[in-house]
Amino acid sequence: MITHLQDTVLLNNGVEMPGLGLGVYKVEDGKTVQTAVQAALETGYRMIDTASFYDNEVGVGEAIKQSNLPREELFVTTKVWNDEQGYAKTKEAFEKSLQRLGLDYIDFYLIHWPVKGMYVETWKAMEELYESGQVRAIGVSNFHQQHVENLLANSKIVPAINQVEYHPHLTQEPLYAFCKQQGIQLEAWSPLKRGRLMDEPYLLSLAEKYEKTVAQVILRWDIQNEVITIPKSTNPRRIKENAAIFDFSLTEKEMQEISCLNQNERSGTNPDSYD
């Protein structure tokens, strides 16, 4: 378990990835995303998670450039979108993302969704990108167990990450256990359920007990579950607040009771819709 904002998690290929980062889904390109990324980097974040579909890779890249931080200190994730999948198109999509970000390499490249009949060929292209050194690690996003199993049966490289919707109303415990067994690190997108958990009574009681926000309690639950997490915000104060989760700990009982809030309820699309 990480104990500091810049602590890392060791992935199955030996690469170290920060355990907490900034997500920029639906953050407008240009000044808005630049300000958010700059605030995160100034706070001490070293991981930024974007995607070609977010249409803000240019702004993310500009903020990274303006930070003047050494490239090797940063960990940048982007993803190949659904209509970019397939062997040749994935190679093209990767080059476009690289250009928009203004980087020489990507730290993490993910398949955004398991598009039926496409993601195995997409993975073959990603394996080659990894083997060429253009990507430090490759993984998947929004993959159910059956998608991962199919990929494993038709690939050389085990994904380093499965980035999925994960929060107290969607704990995905069977998938969590399966990924752990396969050596695949789980990463949470929408860890705060798009703000829909802020009135949850039990979380409010814990927030009061620890003199923290509900968001901080949830992110602490992620960290103690050894799940990498990427909360999204464009507010510099909240970006800083979301990182202030290393000065308290939840008890084992509290961890279990948060997990018991599970409702198998999604704020986003079920990956089966892409199968």
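Quick caveat, the model's predicted, so the values are computed rather than measured.
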Between the main-chain N or O of [Y] and the side-chain N or O of [X], is there a donor-acceptor pair closer than 3.5 Å?
X: Ser132; Y: Leu129; result: yes
X: Asn13; Y: Arg136; result: yes
X: Gln38; Y: Gln66; result: no
X: Arg237; Y: Lys240; result: no
X: Tyr87; Y: Val120; result: no
X: Glu73; Y: Pro70; result: no
X: Gln216; Y: Ala207; result: no
X: His144; Y: His147; result: no
X: Asn12; Y: Pro159; result: yes
X: Arg220; Y: Phe248; result: yes

Result of checking Asp55, Asn56, Thr77, Asp29 against Thr50 for side-chain hydrogen bond (donor to acceptor under 3.5 Å, both in side chains):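 With Thr50 as partner, Asp55, Asn56, Thr77, Asp29 yield a single side-chain hydrogen bond (donor to acceptor under 3.5 Å, both in side chains), made by Asn56.
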
Verdict with supporting geometry, Leu206 and Glu200, side-chain contact (heavy atoms from CB on, under 4.5 Å): CA-CA 10 Å; Leu206 291 178; Glu200 182 68 53; over 6 Å; no

Residue from Asn242, Leu74, Val37 passing side chain to side chain contact (heavy atoms under 4.5 Å, CB included) with Tyr45: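 Of Asn242, Leu74, Val37, side chain to side chain contact (heavy atoms under 4.5 Å, CB included) with Tyr45 is met by Asn242 alone.
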
Approximate separation, where rounding is to 0.5 Å, of [X] [atom1] and [Y] [atom2]:
X: Lys26; Y: Thr32; atom1: NZ; atom2: OG1; answer: 15.0 Å
X: Glu16; Y: Phe75; atom1: CD; atom2: CZ; answer: 10.0 Å
X: Leu101; Y: Thr78; atom1: CG; atom2: OG1; answer: 5.5 Å

Ignoring hydrogens, what is the shortest heavy-atom contact between [X] and [Y]? Give both atom names and the distance.
X: Gly44; Y: Gln6; answer: O-NE2, 3.0 Å
X: Trp113; Y: Thr269; answer: CH2-O, 3.5 Å
X: Ser259; Y: Thr171; answer: O-CG2, 3.7 Å
X: Ala243; Y: Thr43; answer: CB-CG2, 4.2 Å
X: Leu203; Y: Val214; answer: CB-CG1, 3.8 Å
X: Ala160; Y: Ala137; answer: CB-CB, 4.4 Å

Passing candidate, salt bridge (Lys or Arg N to Asp or Glu O under 4.0 Å) with Lys124, options Glu121, Glu127, Glu128: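 In the set Glu121, Glu127, Glu128, the residue that makes a salt bridge (Lys or Arg N to Asp or Glu O under 4.0 Å) with Lys124 is Glu121.
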
His112 and its ring-ring contact (aromatic ring centres under 6.0 Å, His included) partner, picked from Tyr119, Tyr25, Phe143, Tyr54: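 By the ring-ring contact (aromatic ring centres under 6.0 Å, His included) criterion, His112 pairs with just one of Tyr119, Tyr25, Phe143, Tyr54: Tyr54.
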
Validation row, ring centre Tyr130 to ring centre Trp123 under 6.0 Å: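 No: the rings miss the under 6.0 Å criterion.
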
Side-chain donor-acceptor contact under 3.5 Å, His167 with Lys193: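 Side-chain D/A pair, His167 to Lys193: absent.
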
Geometric class of the Tyr166/Trp221 ring pair [parallel <30°, tilted 30-60°, perpendicular >60°]: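 Trp221 vs Tyr166 ring planes: parallel.
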
Using a strict threshold of under 4.0 Å (side-chain N to carboxylate O), is an ion pair present between [Y] and [X]?
X: Arg71; Y: Asp107; value: yes
X: Lys79; Y: Asp49; value: yes
X: Glu57; Y: Lys96; value: no

Residues 175-187 side chain polar contacts: donor-acceptor under 3.5 Å, at least two apart:
residue, atom, partner, partner atom, Å
Tyr176, OH, Asn225, O, 2.6
Gln185, NE2, Glu226, O, 2.9
Glu187, OE1, Gln163, NE2, 3.2

Sub-4.5 Å side-chain heavy-atom contact between Glu254 and Tyr202: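 SC-SC contact between Glu254 and Tyr202 confirmed.
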
